[in-house]
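Have a look at this one before I ask anything.
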Amino acid sequence: MIAKSDITINEKTAEGIKPEGVPYRVLVVDDSMFIAKQLGQIFSSEGFEVADTASDGFQAVEKYKVLHASGGIDLVTLDITMPVMDGVTALEKILEFDKEAKIIMVSALGKEDVVKKCLLTGAKSYIVKPLDRKKVLERVVSVLKR
């Protein structure tokens with residue numbers, strides 16, 4: 001027979017759950033459906049709530065405003081290269097609207113100069129494609145715990 005204490009030894013609190021027991025809410029922004037889905041799966045597997053997704057910077061800004069007004073948003077992952085409005089412009093517009101926004105840029109290799117500009121503008125961190133689940137979660141958790 002297995003005792004209840006044996007079951008809880010290896011359990012850990014999911015990274016996506018706030019200390020008060022509710023999930024962190026994330027807006028995933030990427031024009032690649034594959035990357036957006038991959039991020040969504042990483043977040044969902046750790047208990048985060050993917051509040052919405054957007055496929056360009058314009059949608060990101062609009063959706064951020066709606067989510068901010070309706071229960072808040074804890075984190076945005078924001079692709080740099082997108083149609084309609086790029087991630088750098090979207091970053092600037094979201095920060096104009098909410099200077100406390102926690103935004104992590106998502107970038108392909110070779111965009112170091114753009115990533116640096118984003119960090120100087122106010123992005124809290126960055127994730128490099130191809131995505132590594134462990135690194136994504138490390139960056140996200142470090143930004144949320146600041």
Please tell me if the side chains of Leu144 and Phe48 come closer than 4.5 Å, counting only heavy atoms from C-beta onward.
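A side-chain contact exists here, since the closest heavy-atom pair is under 4.5 Å.
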Contact between Ile73 and Val26 at the side-chain level, heavy atoms closer than 4.5 Å - yes or no?
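Sidechains of Val26 and Ile73: no contact.
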Run the salt-bridge test on Lys65 and Asp98 with the 4.0 Å N-O cut-off and return the result as yes or no.
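So Lys65 does not pair with Asp98 through a salt bridge.
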Pick from Val76, Val61, Asp79: which one makes a side chain to side chain contact (heavy atoms under 4.5 Å, CB included) with Val29?
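Between Val29 and the candidates, side chain to side chain contact (heavy atoms under 4.5 Å, CB included) is satisfied uniquely by Val76.
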Side chain proximity check, Asp31 to Asp56, heavy atoms < 4.5 angstrom
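Asp31 vs Asp56: side chains apart.
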CG-NZ distance between Leu39 and Lys129, expressed to the nearest 0.5 angstrom:
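With rounding to 0.5 Å, CG (Leu39) is 8.5 Å from NZ (Lys129).
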Heavy-atom distance under 4.5 Å between the side chains of Glu92 and Val88, does that happen here?
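Sidechains of Val88 and Glu92: in contact.
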Validation row: Met82, Asp30 side chains within 4.5 angstrom (heavy atoms):
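Contact flag for Met82/Asp30 side chains = no.
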Name the residue from Glu15, Glu46, Glu138 that meets the salt bridge (Lys or Arg N to Asp or Glu O under 4.0 Å) definition with Arg133.
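When Glu15, Glu46, Glu138 are each tested with Arg133, the salt bridge (Lys or Arg N to Asp or Glu O under 4.0 Å) holds only for Glu46.
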Connected via hydrophobic side-chain network under 4.5 Å: Ile42 and Val128:
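Looking at the clustering, Val128 is in a separate group from Ile42.
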Give a yes or no on whether Val28 and Ile103 share a hydrophobic cluster (residues Ile, Leu, Val, Met, Phe, Trp, Tyr; joining criterion: side-chain heavy atoms under 4.5 Å apart).
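Val28 does not cluster with Ile103.
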Ignoring hydrogens and geometry, is there a side-chain-to-backbone donor-acceptor pair from Gln59 to Ser55 under 3.5 Å?
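Pair found, side chain donor or acceptor close to backbone of Ser55.
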Are Met105 and Leu120 linked, directly or through other ILVMFWY residues, by side chains that come within less than 4.5 angstrom of each other?
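No; Leu120 is not reachable from Met105 via cluster members.
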Indicate yes or no: at least one non-hydrogen side-chain atom of Lys93 is less than 4.5 angstrom from one of Met85.
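They are in contact (side-chain heavy atoms under 4.5 Å apart), so the answer is yes.
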Supply the atom-to-atom distance Ile94 CD1 to His68 NE2, rounded to the nearest 0.5 angstrom.
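Here the rounded value is 11.0 Å.
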Where do Val106 and Leu78 land on the side chain to side chain contact (heavy atoms under 4.5 Å, CB included) test, with the steps shown first?
CA-CA 6 Å; Val106 180; Leu78 186 57; over 6 Å; no
Please answer: with hydrophobic residues joined when any side-chain heavy atoms are less than 4.5 Å apart, are Val141 and Val143 in the same cluster?
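Different hydrophobic clusters.
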Check whether Ser44 reaches the backbone of Gln41 with its side chain - one donor and one acceptor, N or O, closer than 3.5 Å.
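Not a single qualifying donor-acceptor pair exists.
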Inter-residue atom distance Tyr64.OH - Leu95.CG, 0.5 Å rounding
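The distance works out to 8.0 Å.
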Any side-chain heavy atom of Val22 sitting closer than 4.5 Å to one from Ile17?
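No. Closest side-chain heavy atoms not under 4.5 Å.
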Got a donor-acceptor contact below 3.5 angstrom from the Lys63 side chain to the Thr53 backbone?
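Yes.
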Separation of Asp113 CG from Cys118 SG (nearest 0.5 Å)
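With rounding to 0.5 Å, SG (Cys118) is 9.5 Å from CG (Asp113).
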Roughly how far apart are Ile80 CD1 and Lys117 NZ, rounded to 0.5 Å?
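Those atoms lie 10.5 Å apart.
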Below 4.5 Å, heavy atoms only, C-beta onward: do Tyr24 and Glu49 meet side chain to side chain?
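They are not in contact (no side-chain heavy atoms under 4.5 Å apart), so the answer is no.
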Less than 4.0 angstrom from a charged side-chain N to a carboxylate O is my criterion; do Arg25 and Asp74 meet it?
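No, no charged N to carboxylate O under 4.0 Å.
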How long is the span from the CD1 atom in Ile104 to the NZ atom in Lys124, to the nearest 0.5 Å?
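Output value for this atom pair is 10.5 Å.
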Please evaluate residues Phe58 and Thr89 with respect to the criterion side chain to side chain contact (heavy atoms under 4.5 Å, CB included), reporting the C-alpha separation (whole Å), side-chain torsions for both, the decisive distance (0.1 Å), and the verdict.
CA-CA 9 Å; Phe58 181 78; Thr89 306; over 6 Å; no
Is there a chain of hydrophobic side chains (I, L, V, M, F, W, Y, each step under 4.5 Å between heavy atoms) that links Val84 to Met33?
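Not linked; separate clusters.
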